[in-house]
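First the structure, in the form of structure tokens, and then the observations on it.
Chain naming here is simple, since letters A, B, ... match the order of the sequence lines and numbering starts at 1 in each. Side chains included, hydrogens not; waters and symmetry mates left out as well; all remaining heavy atoms used.
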Protein chains: 2
Amino acid sequence: MRGLIAGLLRGEWRGGARLTEAEAVEKFGVSRTPVREALLELQGLGLVELRRNCGAVFLPFGPNELHEIYAVRSLLEVEAARLAAGKIGKESLDSLIAAFTRIRDSGGVDPDWEHDRTLHRVIAEASGNHRLSSEISRYGDLIQSVREIVGERDYGIHEMTADEHLSILKAIGENDSGAAAAAMKLHLEQASDSAAAAAELMRTTAKH
Amino acid sequence: MRGLIAGLLRGEWRGGARLTEAEAVEKFGVSRTPVREALLELQGLGLVELRRNCGAVFLPFGPNELHEIYAVRSLLEVEAARLAAGKIGKESLDSLIAAFTRIRDSGGVDPDWEHDRTLHRVIAEASGNHRLSSEISRYGDLIQSVREIVGERDYGIHEMTADEHLSILKAIGENDSGAAAAAMKLHLEQASDSAAAAAELMRTTAKH
DNA sequence: ATTACGTAAATTGTATACAATATAACACCT
DNA sequence: AGGTGTTATATTGTATACAATTTACGTAAT
């Protein structure tokens, strides 16, 4: 079923397009049960809208929608960064700092956003609020899904992103809540613009 | 299926208890398909944890969990109040103010939290951020579910709640973002304590 | 010509049967 | 006696058949 969601995301996502359960069954070669569960899951993430007897409508993801998503994500993660200040163990912090320093200096690429997701997960868990951490994890899934849809990659912005990550970690290590929150806010504003640009790029290239 | 969720919520919610799909089928007299969808929905709200081949575990809801939930809710709704300042139409605002003034002065009771939910919905929609509004709506469902679980009622706190609502509306009407955010924050802190107290009461009375 | 009604088609909601997988118990080996 | 492998059972994941509901179309009446 998890693979079904990935398949739906990878297929071309025309905003407003409708897909009935029967069409999805034919397209993916599975039965209606996993199709229904996958669509309900996507509805839970706010990616599709399920209308009775009308099929699932794929919601559009343009720059505006991405800015909205990142605005909510920012509320959650900025608070998590504030709460996590001074609460991440030294060894864990050092290993994260080493990883991002290496990435920044080597100019390496992280196509699956592996380190990025690890960083945000560690900060969320260090907040001490399980519910907040769980919501951030859910939004992480959403962000990853949207990245699939808009085809966002990290090429070109990687050194800058690593720097932003290091600023957040530095503030957390120094137990500076305000600085941690501010650094996270700035980082997510950059990420928001980057994602919106990817969406705009997809929109324009899909025109012809 | 919606009724199934209500049934699961109304049944005694012992934190940590496990319920297999087969048991739910026997208990509610429906087939596994709607049971599965209901459990997946509850998982999406973070009310149960689904472990493969182990049944669904009912997560506990004590004072600590409720404070966590309300902390997240506060992040969302405080921002919504800030954004909604000056954006609610006069007629809509006046009708809300009239309703809560009447409630406050008459000492009436709103057992299903009808007006409360309307107020928070109107503010969320006025924020202009559809995604934020959608998340607040989702948290409204969660809050309502938790109220069912812990048996929270609004008796006794109603005049105070109405006053808090009026403060929020006043600030929004005066286009004062800061005051609107502060009033909403205060209101949700009160609500958080009230919900936590209800959870504590349930815990202690369930002891014997 | 337009509207109302009825029927048929399509789509979702539900039930049940079957397959896959994980847990647990039990026997056997060391 | 303790550990390991195997088998049996329990539970979830999937497929298919059926019921209910809704939409759309066609026909007839005004």
Rounded distance in Å - CG (B:L40) to C1' (D:dG13): 11 Å
Closest to side chain of A:R36, choosing from C:dG13, D:dT14, D:dT11: C:dG13
A:H120 and A:H165 aromatic ring geometry - parallel, tilted or perpendicular at 30°/60° bounds: perpendicular
B:L19 or A:P34, whichever maps to the more 5' nucleotide of DNA chain D: B:L19
B:K27 atom NZ, over 12 foreign heavy atoms within 6.0 Å: no
Below 4.0 Å: OP1/OP2 of D:dT12 and any side-chain N or O of B:R52: no
Any donor-acceptor N or O pair under 3.5 Å, side chains B:E189, B:S74: no
Given DNA chain D, 5'-ward residue of the pair B:A56 and A:C54, judged by closest heavy atom: B:A56
Under 3.5 Å donor-acceptor, B:S134 side chain and B:H130 backbone: no
B:L39 CG to D:dG13 P, straight-line distance once rounded to whole Å: 11 Å
Steps toward side-chain contact (heavy atoms from CB on, under 4.5 Å) verdict (B:L47, B:F58): CA-CA 7 Å; B:L47 293 172; B:F58 288 47; over 6 Å; no
Phosphate OP1/OP2 of C:dT14: any B:T33 side-chain N/O under 4.0 Å: no
Among D:dA15, D:dT12, C:dT14, the one nearest B:N53 by side-chain distance: D:dT12
Atom-to-atom span, CD of B:E21 to P of C:dC18 - whole angstrom: 18 Å
Atom pair distance, as rounded to whole Å: CD in B:E41 and C1' in C:dG13: 15 Å
d(CZ, A:R18; C1', C:dA10) in whole Å: 13 Å
Separation of C:dT11 P from A:L50 CG (nearest whole Å): 14 Å
Spacing between A:R51 atom CZ and C:dG13 atom C1', to the nearest angstrom: 18 Å
Distance, rounded to the nearest Å, where B:R32 contributes CZ and D:dA15 contributes C1': 12 Å
